[in-house]
Amino acid sequence: MNIKDYSAFELSKLIREKKIKPTEVMLDTIKGINKVDGDIKAFLRLEEEKAFHDAGKLDNSIDESKLLCGVPVANKDNILIKGRVSSCSSRILENFNSIYNAHVIDCVLNDQGLFVGNTNMDEFAMGSSTETSYYQKTSNPWDKERVPGGSSGGSAAAVGAGEVLLALGSDTGGSIRQPASFCGVVGLKPTYGLVSRYGLVAFASSLDQIGTISQDVKDSALLLSVIAGHDKKDSTSFPCGKRNYVDSLTGDIKGLKIGIPKEYFREGINKEVKENIEKGINSLEGLGAEMIPVSLPHTQYAVAAYYVLATAEASSNLARYDGVKYGFRDQKDNDLIDMYIESRTKGFGTEVKRRILLGTFVLSSGYYDAYYKKAQKVRTLILQDFNEVFKKVDIVLTPTSPTTAFKIGEKATNPLEMYLSDICTISVNLAGLPAISVPSGFDKDKMPIGLQLIGPAFSEESLLNTAYTFEQGVFKIDKKERILS
Ligand code: GLN
């Protein structure tokens, strides 16, 4: 039996049927990670001993009613696991040991999932290439010279390479979907409020959302079933019960109305990406969907509004890292104010400081109305655009990213260009909607392309089913093409 041939859904079934044990799966997984992660550097910390220990405990206590049953899961380094370091890839949280589990972590453990380690990310999830990590640069599994995307680049690279089948990520402006498209995997950002943010280190609280990264759509549905649902510890958590999203995968999209917004197919979108997405549109039409041209007229203001709002919230959220309560403290013998300044100066990287400065500026008296308030108004207009479009269509289809993965270093010194990587994903967070990126092909350099589907709030079932139908009927990456197969 080659474990690598199976999906998470299939593996959990095999474990449930006692055809394979969690320790065997874990052994194979750790072996695989050790084989390739020296090159990929997806993991910040691999917790081998703990993972084996947990797997061993599960060997004789599998509960057949659970969804994961011993399947290994990778965790993004901004989601807290009790007793383990969660650094957010920042120096300022270098030795920060979490004292509680994030809600999603409890959900995964409750469904008998096993954590193998935390993955690399952009510092505090600020970035689109995972290059702003204080610790290491992660490589794209399809080309080591290229970035995996970001900020959940470690999680996407780990799944893309085949090191793990499931990973958690977080998405504030595209950080699950864009790396998923760069690494040839499926990335789902759920509706704001469907998955609890309790225990997710805050970047921009009104935009942050935890979601799933997997090799195929069914596995995304599986992991979403585990992590979605109401949590009273998050005041923005939507009061809804648990459901099994795998049940909604029928593979039938006949009569589905898909909107194609012209604003997402203009200049700035790479030609190969555009052609690939157009091919995808034709194929979906062949499967019975109806394509309807639509317009989201305020799309052009999304990136600007996002960088005002996200940085404003970040500047407030990151005020708590003062060298006193968490992580790194400058050790020089100085007074309190100097200690704050030195700890923050040394603890934060350039991109994080840039965001704190920008956020503090847009919130300052005299500028607040011109920037922050204006951006809030733009946010409302963007949501209204979607509301109008969803009166006519069920789902909106766009590219996930304007390009495929770029070279490491290519955009690292040009923040504005880096910010444009999220031009296709950011509106979704501003509007609080769910969206999924599925692999839709490769460019001529054999770099994966991603197709994005956006739905109305809480339309995860139809979104997943459309993505599943695309995967089954149009394009799916063969497991054998991944590094670890
Ligand atoms: N790339 C965007 C940013 O840098 C989005 C990041 C994210 O979704 N966490 O802010």
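Throughout, residue positions are numbered sequentially from 1 according to the sequence presented. These values consider heavy atoms only, across backbone and side chains, with no hydrogens, waters or symmetry-generated copies. In listed order, ligands and their atoms are each counted from 1.
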**Student:** Taking a cutoff of less than 4.0 Å between a non-hydrogen atom of the residue and any ligand atom, is Y419 in contact with ligand 1?
**Tutor:** no
**Student:** Below 4.0 angstrom from a heavy atom of F203, which ligand 1 atoms are there? Numbered from 1 as shown, please.
**Tutor:** 9 (N), 10 (O)
**Student:** By side-chain hydrogen bond (donor to acceptor under 3.5 Å, both in side chains), which residues pair with D445, not counting sequence neighbours?
**Tutor:** R146
**Student:** Flag the pair L80 / F96 as yes when at least one side-chain heavy-atom distance between them is below 4.5 Å, and no otherwise.
**Tutor:** yes
**Student:** If we ignore hydrogens and angles and just use 3.5 Å, is the side chain of S152 paired with the main-chain N or O of S170 as donor and acceptor?
**Tutor:** yes
**Student:** Fit a plane to each ring of F361 and Y371, take the angle between them on a 0 to 90° scale, and name the class: parallel (under 30°), tilted (30 to 60°) or perpendicular (over 60°).
**Tutor:** tilted
**Student:** Of the listed options (M121, R355, E351), which comes nearest to atom 4 (O) of ligand 1 when hydrogens are ignored and any heavy atom counts?
**Tutor:** R355
**Student:** We want to know whether N120 and S89 form a side-chain donor-acceptor pair, criterion being a heavy-atom distance below 3.5 angstrom.
**Tutor:** yes
**Student:** Please identify which atoms of ligand 1 are closer than 4.0 Å to at least one heavy atom of A125.
**Tutor:** 6 (C), 7 (C), 9 (N)
**Student:** Looking at M126, which atoms of ligand 1 are within less than 4.0 Å of one of its heavy atoms?
**Tutor:** 4 (O)
**Student:** When the ring centroid of Y326 is compared with that of Y321, is the distance short of 6.0 Å?
**Tutor:** yes
**Student:** Which residue owns the protein heavy atom closest to atom 2 (C) of ligand 1, what's the atom, and how far is it?
**Tutor:** D422 OD2, 3.1 Å
**Student:** Considering only the protein, which heavy-atom contact is closest to atom 5 (C) of ligand 1, and what is its distance?
**Tutor:** Y306 OH, 3.3 Å
**Student:** Numbering the atoms of ligand 1 from 1, which are under 4.0 Å from a heavy atom of S151?
**Tutor:** 9 (N)
**Student:** Using distance alone, with no hydrogens and no angle criterion, decide if T400 and S181 have a side-chain donor and acceptor under 3.5 Å apart.
**Tutor:** no
**Student:** Hey, is S128 one of the residues with a heavy atom under 4.0 angstrom from ligand 1?
**Tutor:** yes
**Student:** Is there at least one pair of N or O atoms, one from G173 and one from ligand 1, spaced under 3.5 Å apart?
**Tutor:** yes
**Student:** Using distance alone, determine whether G127 and ligand 1 share an N or O pair under 3.5 Å.
**Tutor:** yes
**Student:** Ligand 1 versus S175, non-hydrogen atoms closer than 4.0 Å: side chain, backbone, both, neither?
**Tutor:** both
**Student:** Establish, from distance only, whether the side-chain atoms of D385 and T299 form a donor-acceptor pair under 3.5 Å.
**Tutor:** no
